[in-house]
Amino acid sequence: MSEITFRIYRFEAGKDASPRYDEYKLALEEGDTLLKCLNTIRGAQDGTLAYRMSCGSAICGSCAMRANGHALLACKTQAAGLVKNGVIQLDPLGNFPVIRDLVVDLEPFWSSLRKVSPWLQPNLADEPARERLQTPAQFQLIDDVTTCILCASCWSDCNVLEVDKKFLGPATLAKAHRFIFDTRDAKGRERMEKITEPNGLWDCTHCGECSTRCPTETKPLARIEETREAVMMAGITNSPGARHALGFRESMRWFGALNENYLPVRSVGFFNIPGLLGIMPVGLRMMLKRKAPPMFPHWIDKVGEVKRIFKRFHELRKNVGGAGTKTDGDD
Amino acid sequence: MLSHDVVIVGSGLAGLRAALEVVGHLDVAVITKVYPSRSHSGAAQGGVAAAMANVDGDSTNAHIYDTVKGADFIGDQDAIEIMCNDAPHVIVDMERLGCPFSRTSENKIAQRAFGGHSFKRSCYSADRTGHALLHTLFEQSMKKGGKLQFYNEFYLLRLIVEENICRGVVAMDMKTGKPEVFHAKSVMFGTGGYGRAYKISSNAYANTGDGISAAYRAGVPLQDMEFVQFHPTGLYQHGLLLSEAARGEGGYILNGNNERFMANYAPSKLELAPRDIVSRSEQTEIMAGRGAGPKKDYVLLDLRHLGKEKILERLPQIYQIAKDFIGVDALDNPVPIQPTAHYSMGGIPADNDCQVVANERGDLVKGFFAAGECSCISVHGANRLGTNSLLEALVFGTRAGKKMREVTLDAKWAPVNESREISAARREIDEVLHNKGTENLAAIREELQTTMTDKVGVYRGKDDMEAAHEKIRELQDRFRNVKVDNKKGVFNTNLTEALELGHMLEYSELIVAGAQTREESRGAHARNDFPDRDDGNWMKHTMAFRTGEGGYELKYRPVRVTRFQPEERKY
Ligand SMILES: Cc1cc2nc3c(=O)[nH]c(=O)nc-3n(C[C@H](O)[C@H](O)[C@H](O)COP(=O)(O)OP(=O)(O)OC[C@H]3O[C@@H](n4cnc5c(N)ncnc54)[C@H](O)[C@@H]3O)c2cc1C
Ligand code: SF4
Ligand code: SF4
Ligand code: FES
């Protein structure tokens, strides 16, 4: 098959002042995955090229990197589909410090994960002699979210992390969801309170990048939306994000759609002057990165989406009796 | 010098389970070359065996018998009894720790059928059981916070054993390239299997068997290395596992002439014959020149007659894998497959408490433990039953942890000569970095893996094995001048790849030697020239000892039989 060029990011921490791109030519064979190409390049052309890999079967998350600017798993992606004008450009995952070439320092990812106490906290008082029971429908609630392989593709392409390194990030919020929705966990409320603190659940801007890049069924944005609803239903509304959501409802009533310029003001509080000043840099940074919402209200499909999710969540709760989120009265 | 009461190498199911047993009682550290959640245990799909009897009338006795028979009667029966007895307990334990299991309509842990098990015994979490178990243990280890110290992306270089007492390990921080001595009272290896010695393998790139050969280099014998399991539906060229469901749902296996050749080998069961028989039949077809493709080196898994709906509904993973990994649309085309190296039955010999055995008499290496796929306890004998290995890792990981707690508490520190160990490690590194640099690393690895797949694979013939043995010796020679482009710096994967290759070359010779000497066919070991099992001469475990530079010696140790005398293995 045709010869193509791999343009690969090269950098060694502690040695190189700035990164460069090296180019490698390779004749693609039919069916070649990106990882196979990298192995061929490393084996035959340049042994110094560094990247991670382990399982080779899309289950360990090691080989996540960016191809033509977007995160993916090298082992499960056909190289041919990535070629643009004869070139595939490879970069390390975004939003991380680089150790060497395509190897990044994942510490920010792991330490974010640790912030949400990512382990089951059951009610030990009523522990049965054998396994705890769970209905198939209750398992379904955590079926998708427990497919996460911690590859950090979502972290790489998250728009909020790009401007705010303190954001919990999509995979961590998905991990929180995993326990909030696990009927065996007794700490749902504490977990929800924890993630609704600043830099958490409500900081996500719904850009959807995480779900687009996620190679599993975890799809963080969908989990974030479900968690937001659980939080609202649990009556945990005393946070800027929750006020934002309430404002969202008002916005819908007033504008018939979402007004994204009104929302931040409503969320922080109309009379909270320091708070309002505090959000300015975020707005400015987002504008600079061209991520700021347009200045005029507009109609989007998300409203229907949200309604649909609300409805589904209510149905699910009926089916499974609580979804681990004991609510004390709400709509 | 770093020091911890207990040092565990490996963060798969075996390593993490052991660590959780020890933490809080002793100062424990885990060393791993990949992040814990990336260990190969996560790749297991099918399930984990336990006679929970949640869906039928299963019993522990039935589990024991199935395992003994599956092992072709060369498993140690006292160890098998322990494993099957403990099975329901470790599953309940994993559930308690938060493992998400699929559920029955009675809300219990769901169980399904699996090859070689006579009841529905496999507990599962959708199609990602290993992943669910591994992530649960990873979560629990995060819960321990600083009490459980992880050395992630540290590469094991040496095991320190002197006067039959284990004293620690040397490992290299991959981020800096610096070797460190870890002084310990007890060391456990949970370093996984050696399936990567084969070109066509379902195993992770990381499964290079480093721990096994590090132990061997430190004077520990290796047991039953010749027993390597092959799975019949590996994706062509990748070796990636296509689940057993492919055959279960009625897929055909065809040769290059579009014949359903299983009719000639297993006329009644056809594609549904046991794994080893299907693997052997495929290999026979390929070797007879009836393979498919330009090189006639694969056979075909044909799903087309099942129809779009069934394929997408029941076999979505297989459909996706074929599409993503080799760009074949299984709706329109048959999927190229070949037998793939899948599981390593052999490894570091250990007793039922995972204490490593030093010789054929059963003396112990003090303070050294092994559990999981790197160990040979031996619960799988000549052939592992699917779903028994996750179980093994959990049961014996737990037992290793308990035993380490017991013996380490009042153990004394055996001295370690740090500078000598560091220079020995540096010498090993220098040997691959600074030599004539005339040999290509990837080429040597490729030749080794191809040799193993072609000549010491599904079928083993006398001449083939002789040729393979000679080839491995030649490759060992050439490896002395292996070229490593990257001489220094951070995250030097070029160096670790070379070190891994050194390990593979070392123990691959023992796979061949064991297979050459074992003049019988048993379980996964199939000799063309000795097609029958020979209980009179070969009811025994092979033990390979290292004798000075490059040499080895084979000895044997009896199989422990408790309840079941050998009988013909018929299904
Ligand atoms: C595709 C596939 C599917 C499978 N499906 C099933 C199934 O359904 N049921 C079943 O029971 N079994 C299954 N198995 C087998 C099972 O997954 C393994 O036997 C088991 O997970 C091994 O666990 P472990 O803890 O011993 O080792 P692993 O999980 O392989 O972990 C090895 C650890 O050792 C570390 N390590 C290795 N070398 C070094 C070094 N040099 N330095 C530092 N650390 C090192 C690694 O980092 C890793 O953490 C399957 C295997 C494969 C390949
Ligand atoms: S949807 Fe939210 S979490 Fe996901 S990438 Fe966008 S901002 Fe980040
Ligand atoms: S949520 Fe998806 S993209 Fe993010 S770490 Fe998990 S599997 Fe990877
Ligand atoms: S190598 Fe494991 S996900 Fe790609």
Side-chain angles (χ1 to χ4, degrees), chain A residues 12-15 30-31 33 39-40 42-44 46-62 75-78 80 99-101 103 105-106 110 113-114 117-120 122 127 130-136 138-139 142-143 146-150 178-179 182 184-185, chain B residues 34-35 37-40 42-43 52 91-92 95-98 100-110 125-126 128 131-132 135-136 139-140 142-143 145 175 202 204-206 237-238 240-241 321 324-328 440-443 445-446 483-486 489-494 497:
Chain A
E12 193 180 330
K15 182 175 155 231
E30 202 174 318
T33 58
N39 285 341
T40 309
R42 181 155 80 182
D46 186 351
T48 67
L49 183 62
Y51 49 90
R52 291 189 176 102
M53 62 171 177
S54 182
C55 72
S57 55
I59 190 69
C60 78
S62 300
C75 69
K76 70 167 271 193
T77 308
Q78 288 287 301
I99 297 175
R100 181 174 197 152
D101 305 341
V103 176
D105 179 358
L106 289 161
W110 304 120
L113 208 57
R114 287 191 284 265
S117 310
W119 49 84
L120 192 77
E127 190 111 296
R130 279 184 54 121
E131 74 257 46
R132 274 172 303 230
L133 301 180
Q134 229 179 5
T135 68
Q138 289 172 330
F139 170 72
I142 53 169
D143 187 14
T146 49
T147 61
C148 175
I149 56 174
L150 301 177
R178 180 244 171 280
F179 292 104
D182 191 327
R184 301 169 297 177
D185 194 88
Chain B
V34 301
Y35 279 97
S37 61
R38 295 171 175 188
S39 298
H40 192 56
M52 309 278 289
I91 299 302
V92 168
E95 195 283 326
R96 295 243 172 105
L97 296 179
F101 281 108
S102 296
R103 299 289 172 151
T104 66
S105 54
E106 290 168 320
N107 310 333
K108 298 177 183 167
I109 292 174
S125 177
R128 47 172 200 282
H131 171 269
H135 282 244
T136 302
E139 288 160 9
Q140 289 297 317
M142 283 193 273
K143 181 179 172 187
K175 276 176 229 72
S202 68
Y205 291 101
Q237 281 189 328
H238 290 254
L240 230 107
L241 195 67
I321 287 178
D324 290 343
F325 286 82
I326 54 170
V328 169
N440 181 281
L441 191 162
R445 185 173 53 210
E446 171 83 17
K483 181 160 181 281
V484 174
D485 294 335
N486 204 16
V490 304
F491 220 89
N492 189 347
T493 42
N494 205 195
E497 276 191 306

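These values consider heavy atoms only, across backbone and side chains, with no hydrogens, waters or symmetry-generated copies. All figures in this text were calculated on a predicted structure; none of them were measured in a lab. Every chain is numbered from 1, with letters handed out A, B, ... down the list of sequences.
- Atom CD in A:Q134 sits 5.0 Å away from atom CZ in B:R103 (nearest 0.5 Å).
- Between A:E131 and B:K108 there is no salt bridge, since no side-chain N of the basic residue sits under 4.0 Å from a carboxylate O of the acidic one.
- Each of B:A443, B:A206, B:G98, B:A442 has some count of heavy-atom pairs under 4.5 Å with chain A, and the biggest count is that of B:G98.
- Residue A:T40: no heavy atom, backbone or side chain, is found under 4.5 Å from chain B.
- To the nearest 0.5 Å, atom NE2 of residue B:H135 and atom SG of residue A:C148 are 7.0 Å apart.
- Counting heavy-atom pairs closer than 4.5 Å to chain B, the top residue among A:C55, A:A13, A:A50 is A:C55.
- With a 4.5 angstrom heavy-atom cutoff, B:T104 touches chain A only via backbone atoms.
- Between chain A and the options B:T493, B:V490, B:L240, the largest number of non-hydrogen pairs under 4.5 Å is found for B:V490.
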Can B:F491 and A:R52 be said to form a side-chain contact (heavy atoms from CB on, under 4.5 Å), step by step? CA-CA 10 Å; B:F491 220 89; A:R52 291 189 176 102; 3.9 Å; yes
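- When every heavy atom of A:L106 is checked against every heavy atom of B:R38, the shortest pair comes out as CD1-NH1, 3.6 Å.
- Although no hydrogens or angles enter the test, the distance criterion places no donor-acceptor pair under 3.5 Å between the side chain of B:N486 and the main chain of A:G47.
- Between B:Y205 and A:G56, the shortest heavy-atom contact is CE1-CA, 3.9 Å.
- Between chain A and the residues B:A132, B:P100, B:A110, B:S37, the most heavy-atom pairs under 4.5 angstrom are made by B:P100.
- In this structure, chain A has a heavy atom under 4.5 Å from the side chain of B:Y35, while its backbone stays farther away.
- Looking only at atom types and distance, the side chain of B:R128 has a donor-acceptor partner in the side chain of A:T146 under 3.5 Å away.
- Only the side chain of A:L113 comes within contact range of chain B, with heavy atoms under 4.5 Å apart.
- With respect to chain B, the highest number of heavy-atom pairs below 4.5 Å among A:I59, A:T33, A:N39, A:D101 belongs to A:I59.
- Neither the backbone nor the side chain of B:I321 comes within less than 4.5 Å of any heavy atom of chain A.
- Here CG of A:L120 is found 11.5 Å from CZ of B:R96. Values are rounded to the nearest 0.5 Å.
- A donor-acceptor contact shorter than 3.5 Å is absent between the side chain of B:H131 and the backbone of A:C60.
- The contact between B:A43 and chain A is made by backbone and side chain atoms together, counting heavy-atom distances below 4.5 Å.
- When all heavy atoms are compared, the tightest approach of A:C75 to B:F325 is O-CE2, 2.8 Å.
- Interface remark: of the candidates A:S54, A:G14, A:P136, A:S54 forms the most heavy-atom pairs closer than 4.5 Å to chain B.
- Ion pair A:R184/B:E95 flagged as a salt bridge, since at least one NZ, NE, NH1 or NH2 atom sits closer than 4.0 Å to an Asp/Glu carboxylate oxygen.
- The two residues A:Q78 and B:D324 come nearest to each other via the heavy atoms NE2-O, 2.6 Å.
- Of the residues considered (A:I149, A:T147, A:D46), A:T147 shows the highest number of contacts with chain B, using heavy-atom pairs under 4.5 Å.
- Within the 4.5 angstrom heavy-atom criterion, only side-chain atoms of B:E497, from C-beta onward, approach chain A.
- Both the backbone and the side chain of A:K76 come within contact range of chain B, with heavy atoms under 4.5 Å apart.
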